[in-house]
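What follows is a short report on a single structure.
Residue indices begin at 1 and follow the sequence shown. Bear in mind the structure is a predicted one, so any value in this text is a computation, not a measurement.
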Amino acid sequence: MTYSGWGRALTADGELARPERRTAVTAQGPAIGNRRSYGDAALNDNGRATDMTRLDRIIGLDGDIVHAEAGCTIATLARIFAPKGYLPAVMPGTGFATVGGAIGMDVHGKNHHNDGSFGQHVTEITLLGIDGTRAITPADEVIWKATIGGLGQTGVILSAKLRLKPITGGQMRVTERRVQNWDQHIEMLDASTATYCVGWIDAMAKGDALGRGIVEEAEVGGGDYSAPKGAKKVPFDAPNFALAAPIVKAFNEAYYRRVPAEGRTVDRRIEDFFFPLDKIHDWNRLYGKRGFHQFQCVVPLAQVDALKSMLSAIASSGLASPLAVLKRMGAGRGGYMSFPMEGYTLAVDFPARDAAAELIAELISLTDAAGGRVYLAKDSLASGGVIKSMYPEYSEWSEAVNEVDPDHRFETDMTRRLNLRGAK
């Protein structure tokens, strides 16, 4: 069958197995979840992959430690445990991410500056490698750090034990404020003491308005938990003009002004705050048949001006979509190839056009020059040389995964494109 990542710009043809029991899983190819990685991280063209989404059971709960199968989604954990006073400690921007995928990419959320990455809250992983099944913990340092954020290259994650975060209340109390420019945006992110904090940027704004947007700060508040309402669905691929620069500019203007000039505080459902786009199923179809690329990088705190230069290039290009996010990150990371570093991260979507590929190449170069990193969960265009230079523990990861998978059974299109594993 033909399948793709979330960006739809890259596809693969191959066999997908969909086992319903852990005993039916084999170590014959890479494991994939809901394919919410944007590029080719979950693709294996002309090969076999194991779709883990039917392995979605919650195995048990011991205090604040939940044991869940790899195909269980983050939204499922939130829906089940929020009414009981717990949330996953780290929740990414989509609830469709699976436990296995969240570990393989060591995802982060709107609270990274406080609570670190997803992998730092995992206490045990059941891993199926070429030599069989074993349970690993942080005490198994090398294989553990090669698995957390390791792109699925050490084997198939069957299940994991995760430490949940206690909460009081079942709603999110969200404070939204407009920011007028780049400097104010950074100042507000730096000054925030909220548990959760994220900035939306109008990536089309230029001049004195460069970097304007909305900063959201949030805490789990009072009120009872309520499940989200039914989602709408994009029924067809949008035409090419749907995200033309004038339309995006007009949308961004309206979105910016939806927040009053004096700001506001509102209560939202938990899922509506953490997973806002999940309310629109197949929203990736808004970019048309060619799909889209997302660029996400992080740069050190001292290199914040590099992000300003990137944003200026993006605004001048006229290519950006309405989806542009800025966050401050802490130092927390779980594995050798984990993305986070202490600094600022910028994520922007671009329709898949030749000009977008050229712009992203420029942004990758600026990231490299600033001593930053590109997020592999979002990448579809980088080269292997630059990625290896961005990840200082790449050699340790490469040595570990090639030792446990010498025949490269778990390779994906991404690891081949970037030549992360080398020759067999």
Establish, from distance only, whether the side-chain atoms of Asn44 and Tyr3 form a donor-acceptor pair under 3.5 Å.
no
Return all side-chain donor-acceptor pairs below 3.5 angstrom for residues 385-394, not counting sequence neighbours, or 'none' if the list is empty.
unit_1, atom_1, unit_2, atom_2, d
Lys388, NZ, Asn419, O, 2.9
Ser389, OG, Asp368, OD1, 3.4
Ser389, OG, Val386, O, 2.7
Tyr391, OH, Val374, O, 2.7
Glu393, OE1, Arg333, NH1, 2.9
Tyr394, OH, Leu420, O, 2.8

Side chain to side chain contact (heavy atoms under 4.5 Å, CB included) test vs Pro300 passes for just one of Glu342, Met341, Arg373, namely Met341
Do Thr137 and Glu124 pair up side chain to side chain, a donor and an acceptor below 3.5 Å, judged on atom types alone?
no
Charged N to carboxylate O under 4.0 angstrom, Lys289 versus Asp237?
no
Is it true that Ser117 and Asp106 share a donor-acceptor pair across their side chains at a distance under 3.5 Å?
yes
How about Leu128 and Arg22: do any of their side-chain heavy atoms sit closer than 4.5 Å?
no
Take the angle between the ring planes of Tyr375 and Phe339 and call it parallel below 30°, perpendicular above 60°, tilted in between.
parallel
N-O pairing of Glu253 and Arg212 below 4.0 Å:
yes
I want to check something: taking the side chain as every heavy atom from C-beta on, are Val215 and Cys197 in contact at a cut-off of under 4.5 Å?
yes
Do Tyr344 and Ile186 touch side chain to side chain, with heavy atoms closer than 4.5 Å?
yes
Of the options His121, Gln120, Lys165, His108, which is the one that meets Asp115 in a side chain to side chain donor-acceptor pair (under 3.5 Å)?
Lys165
Side chains of Phe251 and Leu243, heavy atoms from C-beta outward: is any pair under 4.5 Å?
no
Carefully, step by step, assess Asp278 and Thr94 under the rule side chain to side chain donor-acceptor pair (under 3.5 Å).
CA-CA 6 Å; Asp278 287 359; Thr94 174; 3.0 Å; yes
Hey, does Thr367 have a side-chain heavy atom less than 4.5 Å from the side chain of Met310?
yes
Salt bridge between Glu358 and Arg353, side-chain N to carboxylate O under 4.0 Å?
no
Given the ring of Tyr38, does Lys378 sit roughly above its face, with NZ or CZ under 6.0 Å from the centre of the six-membered ring and within 45° of the axis?
yes
Salt-bridged, Arg421 to Asp405, with N to O below 4.0 Å?
yes
If you round to the nearest 0.5 Å, how far is OH of Tyr287 from NE2 of His293?
12.0 Å
In this structure, are over 12 heavy atoms from other groups packed under 6.0 Å from Asp62 atom CG?
no
Are side-chain N/O atoms of Glu69 and Ser159 paired as donor and acceptor at under 3.5 Å?
no
Do Tyr256 and Asn252 have side chains that approach each other closer than 4.5 Å (heavy atoms only, starting at C-beta)?
no
Are Tyr225 and Glu271 close enough, and set up right, to give a side chain to side chain donor-acceptor pair (under 3.5 Å), and what steps lead you there?
CA-CA 10 Å; Tyr225 171 82; Glu271 286 92 342; 2.4 Å; yes
Just verifying a value: how many Å separate Ile157 CD1 and Thr154 OG1, rounded to the nearest 0.5 Å?
6.5 Å
So do Leu10 and Ser4 actually touch side chain to side chain, heavy atoms under 4.5 Å?
no
Taking ring-ring contact (aromatic ring centres under 6.0 Å, His included) as the definition, give me every residue that meets it alongside His281, ordered by chain and number, with sequence neighbours left out.
Phe96
So does Arg163 have more than 12 non-hydrogen atoms from other groups sitting under 6.0 Å from CZ?
no
Any donor-acceptor N or O pair under 3.5 Å, side chains Thr2, Thr11:
no
Pairs of donor and acceptor atoms involving the side chains of residues 75-91, under 3.5 Å and at least two apart or interchain, shall be tabulated with distances.
unit_1, atom_1, unit_2, atom_2, d
Thr76, OG1, Thr73, OG1, 2.7

So how far is it from Leu346 CG to Leu311 CG, rounded to the nearest 0.5 Å?
6.5 Å
Do NZ/NE/NH1/NH2 and the carboxylate oxygens of Arg416 and Asp413 come within less than 4.0 Å?
yes
Below 4.0 angstrom, N of the basic side chain to O of the carboxylate: do Lys327 and Glu216 qualify?
no
For a 4.5 angstrom cut-off between non-hydrogen side-chain atoms, does Gln303 reach Asp305?
no
